[in-house]
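This is the structure I have questions about; it appears just below.
FYI, side chains are in, hydrogens and waters are out, and symmetry mates aren't considered; it's all heavy atoms of this structure.
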Amino acid sequence: MKHKGDKVDGWLVIDKVAGMGSTQVVGKTRHLLHASKNGHCGTLDPFATGVLPIAFGEATKLIPYVTDGDKEYEFWLKFGSETDSLDCDGNIITEGGKIPTEKEVKDVLPLFLGEIVQIPPAYSAIKIEGKRAYDLVRNGQEVKIPERKICVYELNLLDMPESDIAHCKVRCSKGTYVRTLGADIAKKLGTIGYLTALRRTKCGIFDLSCTILLENLEKIEYVGERQKELLSVITCLRDIVDIAVTEADAAKLKQGQGVSPKNYQVSHLIGKEVSATCNGNLVAMVRIEDTRISPVRVFNF
């Protein structure tokens with residue numbers, strides 16, 4: 001029987017390079033760490049770089065807690081031209097748009113703060129009737145993607161390295177398409193534009209300080225040494241409330257049973273999901289209710 005890999009648990013945060021897809025990174029890291037199971041948080045387009053958290057083993061159960069977190073990006077928006085994919089991987093379809101001044105760019109950015117509506121690009125991984133939008137477009141089919149509400153918390157112009165390129169930084173909610181944001185900024189300025197580069201600097205609690213380049217991971221000779229680069233499963237829960245449960249309650253939670261909240265000071269947490277640990281070990285993600293602490297995800301270490 002073919003051995004399918006080791007039981008490897010934890011987080012590996014890759015600083016993804018341009019030209020590589022997120023699923024390629026997942027496959028490569030699974031091979032390098034000889035792991036049986038892994039998955040990524042928050043897809044990065046092939047042209048994009050930066051923070052790509054990869055969950056291994058039990059950490060895959062926590063992917064939603066990272067994916068649902070805020071994201072931070074730096075992007076370079078080129079004015080005066082437009083591509084079909086709204087990024088540098090696409091084909092230029094329109095040229096000759098005006099080039100805004102630095103002041104004009106600064107003045108328009110505040111209009112995008114707060115809750116806004118955007119229509120994701122046709123070249124995206126969004127599923128339309130079970131198929132990826134980009135596959136439909138490449139097959140010549142017309143794609144209509146519904147608008148969505150997202151939130152932009154911060155949006156600043158860092159500099160203009162060239163007269164027609166704005167280097168910006170954004171902090172936003174999950175589901176934000178920065179390519180669309182760039183195109184919408186250009187449109188508000190009365191012109192067209194596309195992203196020449198996109199770099200994610202933060203995904204949930206993970207930032208660039210946590211990352212390792214794939215090429216550096218490949219330079220580590222032994223699998224066991226590569227596995228030492230993993231962050232603990234519980235790392236991503238740094239900003240989530242934790243309750244310490246007794247060994248008896250831990251055993252019940254692991255079996256999918258609820259426990260009474262009367263022995264824990266959790267009245268202020270009703271309706272929320274928190275982590276439950278026992279002797280410092282992660283037992284489950286639980287939901288606090290009036291009369292019950294219910295397991296949502298149980299961990300097997």
| task | Compare every heavy atom of V51 with every heavy atom of K202, then report the nearest pair and how far apart it is. | result | N-CG2, 4.1 Å
| What's the shortest heavy-atom distance between L231 and F206, and which atoms? | CD1-CE2, 3.9 Å
| request: Considering non-hydrogen atoms only, spot the tightest contact between L109 and N156 and give its length. | output: CD1-C, 3.8 Å
| query | Less than 4.5 Å apart, any side-chain heavy atom of D207 and any of E72? | reply | no
| query | With a 4.5 Å limit on heavy-atom distance, are the side chains of Y194 and D84 in contact? | reply |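 Answer no - side chains too far apart.
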| request: Identify whether the distance between the nearest side-chain nitrogen and carboxylate oxygen of D45 and K16 falls below 4.0 Å. | output: no
| said: Would you say L155 ends up clustered with L195 if hydrophobic residues are merged whenever their side chains have heavy atoms under 4.5 Å apart, either directly or through other cluster members? | reply: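 Yes, same cluster.
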| request: Calculate, to the nearest 0.5 Å, the distance between atoms OG and CD1 belonging to S267 and I288 respectively. | output: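 Going from the OG atom of S267 to the CD1 atom of I288 covers 10.5 Å.
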| request: Please test E229 against R226 for salt bridge (charged side-chain N to carboxylate O under 4.0 Å, His left out), starting from the C-alpha separation and ending with a verdict. | output: CA-CA 6 Å; E229 295 295 324; R226 293 183 204 132; over 6 Å; no
| query | Which is it for E289 and S294 under the side chain to side chain donor-acceptor pair (under 3.5 Å) test, yes or no, and what are the steps along the way? | reply | CA-CA 8 Å; E289 300 163 349; S294 304; 3.3 Å; yes
| field | Minimum-distance pair of heavy atoms, taken over all atoms of R200 and P53 | value |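 Shortest heavy-atom separation between R200 and P53 comes out as NH2-CD, 4.2 Å.
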| request: Grab the two heavy atoms, one from P261 and one from V266, that are nearest each other, plus how far apart they are. | output: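 That closest heavy-atom pairing would be CB-CG2, 3.8 Å.
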| said: Working note: K78 + E162, criterion salt bridge (charged side-chain N to carboxylate O under 4.0 Å, His left out); need CA distance, chi angles, decisive distance, verdict. | reply: CA-CA 9 Å; K78 182 178 178 64; E162 297 180 32; 5.3 Å; no
| Steps toward side chain to side chain donor-acceptor pair (under 3.5 Å) verdict (T29, N38) | CA-CA 8 Å; T29 54; N38 70 343; 3.1 Å; yes
| message | Membership question, hydrophobic clusters at under 4.5 Å side-chain separation (ILVMFWY): are I165 and L86 in the same one? | response |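 Different clusters.
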| note | Between I99 and F79, the two heavy atoms sitting closest are CD1-O, 3.4 Å
| Is it the case that more than 12 heavy atoms not belonging to F301 sit under 6.0 Å from its CZ atom? |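 Yes, because the 6.0 Å sphere around CZ of F301 holds more than 12 heavy atoms from other groups.
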